[in-house]
Student: 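Got a structure for you, written out below as C-alpha cells; questions coming shortly.
None of the values given here were measured: they were computed from a predicted structure. Within every chain, numbering begins at 1; the chains are lettered A, B, ... in the order of the sequence lines, protein sequences first and strands thereafter.
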Number of protein chains: 2
Amino acid sequence: MLDNIILGMLMKSEMSGYGLKKIIEHDIGAFYSASFGSIYPALERLKRQNYVKLTEIKNGARVKKIYSITQSGRAVFMSYLAEPIKMGGERNEHILKIYFLDFLPEKQRSLVLLEFIQKTKMYLGALEQVEKMLDTAQMGNDGNYCEFSTLYYGIEASRLTIRYCEHIRDRKPLKKLLERGPF
Amino acid sequence: MLDNIILGMLMKSEMSGYGLKKIIEHDIGAFYSASFGSIYPALERLKRQNYVKLTEIKNGARVKKIYSITQSGRAVFMSYLAEPIKMGGERNEHILKIYFLDFLPEKQRSLVLLEFIQKTKMYLGALEQVEKMLDTAQMGNDGNYCEFSTLYYGIEASRLTIRYCEHIRDRKPLKKLLERGPF
DNA sequence: GGACACATGTAAATGGTTACATGATTTT
DNA sequence: AAAATCATGTAACCATTTACATGTGTCC
C-alpha cells in the first residue's frame, strides 16, 4: 500500500522522503499514516525496482535526496489506480471500541464518549478551516477535484461520527439514527 | 488490538478460536478483520499471560478447545475500555484511492467509481437485512445497545460513501456535499 | 462418496512501528 | 545559544496475512 501512495504522491511532484512524510500527514492523514521507518526503506525498495529515481542535490554540507517517479513507476501506479476498489480495506478502531461499550458502567461510558466527541469536534473544526482556505483559493475545480473531494468526505465522516456518538450517549432510539431530512 | 477484541468477545461468552473468527467476521467485519493465523497464536499468548483459560471438551475423536476469560483478563479488558478513544486509528483505503483518481482518464474513473458504488450498495443491502431481522427481534434495548448501534453506524457510513461517490462521479460542486436537510 | 462447514495449527513472508542515532539549517 | 524543524537512516520489534498441512462431522 505505502509503495502505491508514494508513487501517487510522486506523480504530483518530485519530493524527498521527509517531504513525503509531511504531505501524507497533511493530505491523507485522516485515512492513512506512515512513519519514517517505513518511508525510507520503501523508497530504497522502489529505487531498486526502478520505479523511482534519485537525484542528489548538494548545497553546502547538505545533500538533499529528491525522488522522482520513472516511466515504469507511472505504469505500475496507473494499473493500481485502474483496478477495482476492493472492499474490506477498512479499519475503524473508534467504532470497534464503541461496540464493546456496553460493558462499561453508564458514567464511564458517557465520559469516554464525551471525550471522543470533543476530540472529533476539534478535528472537524480543523478540517473546516482547511476547507474555507482552499475554497477561497478556488481549488477543486479542475485537475484536483477528486483530491480535494476527500477533504469534504472527511468533514462529512466526522459529522457522522459526532452525530452517532451524541445519539448513543443520549441513548436515543437507534432507528432514529437512520432518519434524515428530505435530501 | 486483536488481543483486546478477543478478550471483549470472550466477555460475552466462552468460545473456540474458530467461533471467534466467525463472530469477528459477522459482528465487526465492517471495521476489523482477523485471520486464523493471528487468532490462534493470540489465544496461545493470552493463555500464557493467564488472561484466558482453556477447557478441552472431548466428544468422540474430536477435542473442542473452548477459551474463557479469566479475572485478570477481565481487568485488562476493562482498563482498555475505560481509556480514552485515541484518534488516528483509522485506515480507509477506499477514500485513499479516490484521492488519486484525478490521474485516471474520465471514462476509467467513472467505471471505477460505479463499480465501487455497486459493491457498497450490495453491502448496504446486507446490513439493512440484518437490521430488519434484529429490529423485529427487539434487540438493542438493554444490555447490548452499543453493540447493536455499530450496525446503524455501518448503515449510515455506507450511505455516506454511496452519496459521496455518486456526487463525485457526477462531478457536482463539492460544497453541495455539505448541504443536508434541516436535521 | 463428495462437498462443505467445522476445527486447529504452523512457517514464511509482509508491512509496518518504535526507538535510536546523527547531524544541518532556520527561527526565536 | 537554545529550540524547532529539516533531514536521513537503521535495528529491533510487532502484528498480521498467506499459504500450507491436517483432519472431523454433517448434509445431500
Side-chain angles (χ1 to χ4, degrees), chain A residues 1-10 14-26 28-29 31-49 51-52 54-67 80 86-93 96, chain B residues 1-10 14-26 28-29 31-49 51-52 54-67 80 86-93 96:
Chain A
M1 192 74 265
L2 179 55
D3 289 41
N4 282 322
I5 290 164
I6 289 177
L7 290 177
M9 291 304 184
L10 293 180
E14 55 176 29
M15 234 177 282
S16 67
Y18 189 84
L20 274 166
K21 175 77 163 36
K22 293 224 317 184
I23 203 170
I24 287 171
E25 225 166 278
H26 177 267
I28 54 175
F31 325 116
Y32 191 84
S33 65
S35 62
F36 286 124
S38 61
I39 290 171
Y40 286 117
L43 283 167
E44 189 53 40
R45 200 163 52 235
L46 290 167
K47 198 179 69 182
R48 271 204 313 275
Q49 290 170 116
Y51 296 155
V52 307
L54 169 62
T55 314
E56 299 202 335
I57 293 165
K58 299 181 211 335
N59 51 334
R62 193 178 201 151
V63 180
K64 246 193 165 184
K65 296 192 162 188
I66 300 296
Y67 293 87
Y80 150 75
K86 72 172 197 330
M87 301 291 279
E90 282 175 298
R91 190 150 289 209
N92 191 327
E93 293 184 18
L96 208 45
Chain B
M1 194 72 263
L2 178 56
D3 290 42
N4 282 322
I5 290 164
I6 288 176
L7 290 178
M9 291 305 185
L10 294 181
E14 55 177 29
M15 232 176 284
S16 67
Y18 188 85
L20 275 165
K21 175 75 164 33
K22 292 223 320 184
I23 203 169
I24 287 170
E25 226 166 277
H26 178 267
I28 55 176
F31 325 117
Y32 191 83
S33 64
S35 61
F36 286 124
S38 61
I39 291 171
Y40 286 117
L43 283 168
E44 188 53 40
R45 202 163 51 236
L46 291 167
K47 198 179 69 181
R48 271 204 313 275
Q49 290 169 115
Y51 296 155
V52 306
L54 169 61
T55 315
E56 299 202 334
I57 293 165
K58 299 182 213 330
N59 51 335
R62 193 177 201 149
V63 182
K64 246 194 164 182
K65 297 193 163 186
I66 299 297
Y67 293 87
Y80 150 75
K86 69 172 201 330
M87 301 290 279
E90 283 175 298
R91 190 150 289 210
N92 191 328
E93 292 182 19
L96 208 46

Student: Can you find a heavy atom in the side chain of B/Met9 that is under 4.5 Å from one in the side chain of B/Ile28?
Tutor: yes
Student: Please examine the side chains of A/Tyr32 and B/Asn92, heavy atoms only from C-beta on, and report whether any two atoms are closer than 4.5 Å.
Tutor: no
Student: I want to check something: taking the side chain as every heavy atom from C-beta on, are A/Lys21 and A/Phe36 in contact at a cut-off of under 4.5 Å?
Tutor: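 In contact.
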Student: Set out, line by line, the N/O atom pairs under 3.5 Å between protein and nucleotides 11-18 of chain C.
Tutor:
{"from": "C/dG16", "atom 1": "OP1", "to": "A/Tyr32", "atom 2": "OH", "distance (Å)": "3.2"}
{"from": "C/dG16", "atom 1": "OP2", "to": "A/Leu2", "atom 2": "N", "distance (Å)": "3.2"}
{"from": "C/dT17", "atom 1": "OP1", "to": "A/Ser33", "atom 2": "O", "distance (Å)": "3.4"}
{"from": "C/dT17", "atom 1": "OP2", "to": "A/Ser35", "atom 2": "N", "distance (Å)": "3.0"}
{"from": "C/dT17", "atom 1": "OP2", "to": "A/Ser35", "atom 2": "OG", "distance (Å)": "2.5"}
{"from": "C/dT17", "atom 1": "OP2", "to": "A/Ser38", "atom 2": "OG", "distance (Å)": "2.9"}

Student: So among A/Ile23, A/Ile6, A/Val52, which one has a side chain to side chain contact (heavy atoms under 4.5 Å, CB included) with A/Met15?
Tutor: A/Ile23
Student: Would you find a donor on one side and an acceptor on the other, under 3.5 Å apart, between the side chain of B/Arg48 and the backbone of B/Leu43?
Tutor: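 Answer holds: no.
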Student: With rounding to the nearest 0.5 angstrom, report the CZ to OH distance, B/Arg45 to B/Tyr51.
Tutor: 12.0 Å
Student: Would you kindly give the NZ-to-C1' distance between B/Lys58 and C/dA7, to the nearest whole Å?
Tutor: 16 Å
Student: Provide, to the nearest angstrom, the distance between the CD1 atom belonging to A/Ile23 and the P atom belonging to D/dA7.
Tutor: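 That distance rounds to 14 Å.
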Student: Using whole Å, what does the distance between atom C1' of nucleotide C/dA5 and atom CD of B/Glu25 come to?
Tutor: 13 Å
Student: Hey, are B/Glu25 and B/Lys22 close enough for a salt bridge, meaning a charged N less than 4.0 Å from a carboxylate O?
Tutor: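 Looking at B/Lys22 together with B/Glu25, the answer is no, because their closest N to O distance does not fall below 4.0 Å.
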Student: How many whole angstroms separate atom CG of B/Leu20 from atom P of C/dG9?
Tutor: 12 Å
Student: For A/Lys65 and D/dA7, is the shortest distance between a side-chain N/O and OP1 or OP2 below 4.0 Å?
Tutor: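 Checking A/Lys65 against D/dA7: no side-chain N or O falls below 4.0 Å of OP1 or OP2.
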Student: Whole angstroms only, please: what is the CD-P distance between A/Glu44 and D/dT10?
Tutor: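 So the CD-P distance, A/Glu44 to D/dT10, works out to 7 Å.
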Student: Counting just side-chain N and O atoms, does B/Ser16 come under 4.0 Å of either OP1 or OP2 of C/dT8?
Tutor: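 So the side chain of B/Ser16 is within the cut-off, an N or O lying under 4.0 Å from OP1 or OP2 of C/dT8.
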Student: Quickly work out the B/Leu46 CG to D/dT16 P distance and round it to whole Å.
Tutor: 11 Å
Student: Ignoring backbone atoms, test whether A/Tyr18 places a side-chain nitrogen or oxygen under 4.0 Å from the OP1 or OP2 oxygen of D/dC6.
Tutor: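 Answer is yes, contact under 4.0 Å.
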Student: Which sits closer to the 5' end of DNA chain D, A/Lys64 or A/Pro41, going by the nucleotide each is nearest to?
Tutor: A/Lys64
Student: Using a cut-off of 4.0 Å on non-hydrogen atoms, how would the nucleic acid contact of B/Lys22 be classed: base, sugar-phosphate, or nothing?
Tutor: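 If one applies the 4.0 Å heavy-atom cut-off, B/Lys22 turns out to touch the sugar-phosphate alone, with no base involved.
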Student: Whole Å only: how far is the CD1 atom of B/Ile5 from the C1' atom of D/dA15?
Tutor: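 Spelled out: CD1 on B/Ile5 to C1' on D/dA15 is 12 Å.
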Student: Over how many whole Å does the gap from A/Met15 atom CE to D/dT8 atom P extend?
Tutor: 12 Å
